[in-house]
Amino acid sequence: MEKKLSLQVMVEIALLAALAFVIDLFIPSIKPIPSVYLNFSMIPIFILAFRRGVIPSAIAGMIWGLLQIITGEAWILHPIQVIMEYIIALAFIGVAGLFKNRIQKEVIADKKSGLIITVIAILAGSLSRYFWHFLAGYFFWVDILKIPEEKGFFFSFWTNGLSGIGSGIFCAVIIGLLLTTSPRMIKQSL
Amino acid sequence: MMEKMIFGRYIPVNSLLHKLDPRSKLCAILIFIFIIFIANNAITYGILAIFTFLALYSSNIPIKFLFNGLKFIFYLIVFTFLLHILFTREGDVLVDFGWLKIYERGLTQGIFISLRFLFLILITSLLTLTTTPIEITDGMESLMKPLRKIHFPVHELALMMSIALRFIPTLMDETDKIMKAQMARGVDFSHGSLKRRAQAIVPLLIPLFISSFKRAEELAVAMEARGYRGGEGRTKYRQLNWRTMDTIVILIVLSLGGILFIFRT
């Protein structure tokens, strides 16, 4: 990273991780059904993914998780659960950055296919994140919530699956509106 | 909204825990998170309760601060306890109301798991209540130094954390101003249909993103103009100081693990 990331990219990572943290504090998640949460706070990480790619957005996700841990916002049950839910899961949002080049080319050229790829990228990032929450749910939360083991798998699968898809769609709608209004946001220099 | 402007949960009072090096607190809490799983009977949970009480006492944190941020977690602990009591059907029946039976194993499991959860939350909260986020970052950077040998960018990670922590209050202030301006025009961020909420967020996010990217560019230029060249040979304004008390704290937590192991059944 020392040689690959420029100082400006590092500062952008820091600021967008901070922005994700602030959005998480200020704008409450939507809870359409019990145990399913739709949240907007992934948006800055997705924007960074489309602007700078996989590695910077994965690092931003990780820093966002670390910020939650050190400010006492994290739910700590076990060290492995913390690493899974606040480091790995949030870093995996960066998977959306795999589509960076196509999105940059097509969104800036104002092609409709750009928005479709954006939605796919966001769903990939969101589901990658919630896959880790699903694992943490199955291995750690099911025990605390006293859900029988055979039902625990499905409970974690459905709640995290729905949260992942729901949050992904919600973020996709907002990012779609953002990129339509201001596509230069994902250009590497404003 | 303004109560959210105080980010982090640090309470600046004078106490033994406040004076400890952040590295010793991080290590002690990590060890505690592992050893808490050794406890499996009334004696070991009793020992953990005494340890937790002594730790809270030595932090000098007013009880109301400690419990203020934990209200929701207490509901979860009570919920967990009730679930265990109602759904565990092992051991002797202790209470039989016909429609409700409480089993011995349900009661003990409910108490033990709820206590474990409570102790974990209280002890991990002590880290953020007695240490500023920037001290925790410095501590993490120092503890991760050995990872430099495998080319892990420890300094860069700490730099990004420090910048993020520095700018959280600024971004909070900016978000608050934009939200208030939008709310004055009748926008509701917390209620309404999904479509309305999505539409409400866009005018909030655009200025935040644009100002963040501009700020990033300016800050990077300012840092380079002042000769920033990465971690090599960089000195620190805040120096960490490991004292005898830090070693004693680590030894106490390790001894706690040993004691729990002895009394475990």
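In what follows, every chain begins at residue 1, and chains take the letters A, B, ... in the order their sequences are listed.
- Other residues, nucleotides and ligands contribute over 12 non-hydrogen atoms within 6.0 Å of the CZ atom of B:R215.
- Between A:F26 and B:L204, every side-chain heavy-atom pair lies at or beyond the 4.5 Å cut-off.
- A distance of 16.0 Å separates CZ of A:F21 from CZ of B:F167, quoted to the nearest 0.5 Å.
- Contact annotation for A:V22: only side-chain heavy atoms (C-beta onward) come within less than 4.5 Å of a heavy atom of chain B.
- B:L157 has its side chain within reach of A:M62: a pair of non-hydrogen atoms, C-beta onward, lies under 4.5 Å apart.
- For the options B:I206, B:V221, B:L219, heavy-atom pairs under 4.5 Å to chain A are most numerous at B:I206.
- Side-chain contact between B:L165 and A:I70 is present, with at least one heavy-atom pair separated by less than 4.5 Å.
- Neither the backbone nor the side chain of A:W64 comes within less than 4.5 Å of any heavy atom of chain B.
- Neither the backbone nor the side chain of B:S125 has a heavy atom closer than 4.5 Å to any heavy atom of chain A.
- For A:I69, the part lying near chain B is the backbone, with the side chain staying farther off; criterion is any non-hydrogen pair under 4.5 Å.
- Only the side chain of A:I47 comes within contact range of chain B, judged by heavy atoms closer than 4.5 Å.
- Here the shortest heavy-atom pairing between A:L77 and B:F37 reads O-CZ, 3.5 Å.
- B:F112 CZ: more than 12 foreign heavy atoms inside a 6.0 Å radius.
- Per-residue counts of heavy-atom pairs under 4.5 Å with chain A were compared for B:L30, B:T175, B:I113, B:L159; the largest is that of B:T175.
- For the set B:T124, B:I121, B:L129, B:I201, the count of heavy-atom pairs under 4.5 angstrom toward chain A peaks at B:I201.
- The contact between B:E224 and chain A is made by backbone and side chain atoms together, counting heavy-atom distances below 4.5 Å.
- The local environment of CZ in B:F79 is sparse, with at most 12 non-hydrogen atoms from other residues, nucleotides or ligands closer than 6.0 Å.
- With respect to chain B, the highest number of heavy-atom pairs below 4.5 Å among A:A74, A:P79, A:A17, A:A60 belongs to A:P79.
- Put simply, the side chain of A:L19 does not reach to within 4.5 Å of the side chain of B:I168, judged on heavy atoms.
- Looking at B:L171, both its backbone and its side chain come within 4.5 Å of chain A, counting heavy atoms on both sides.
- Of the listed residues (A:V82, A:V173, A:L67, A:V9), the one with the most heavy-atom contacts under 4.5 Å to chain B is A:L67.
- The shortest heavy-atom contact between B:I210 and A:S182 is CD1-OG, 4.1 Å.
- Taking CD1 from B:I36 and NE2 from A:H78, the interatomic distance works out to 10.5 Å, rounded to the nearest 0.5 Å.
- A:V11 has its side chain out of reach of B:M160: every pair of non-hydrogen atoms, C-beta onward, lies at least 4.5 Å apart.
- At a 4.5 Å heavy-atom cutoff, B:L127 makes no contact with chain A through either its backbone or its side chain.
- The two atoms that bring B:A164 and A:A18 nearest to each other are O-CB, 3.7 Å, heavy atoms only.
- The structure places CD of B:E217 at 12.0 Å from CG of A:L15, a figure rounded to the nearest 0.5 Å.
- Contacts between B:L26 and chain A at a heavy-atom distance below 4.5 Å are absent for every atom of the residue.
- The two residues B:V202 and A:T181 have their closest heavy-atom pair at CG1-OG1, 4.5 Å.
- When all heavy atoms of B:M223 and A:L7 are compared, the pair lying nearest together is CB-CD2, 3.6 Å.
- Comparing A:I175, A:L38, A:L16 by heavy-atom pairs within less than 4.5 Å of chain B, the highest count is held by A:L16.
- Because its NZ or CZ atom is not both nearer than 6.0 Å to the ring centre of B:F209 and within 45° of the ring axis, A:R51 does not count as a cation-pi partner of that residue.
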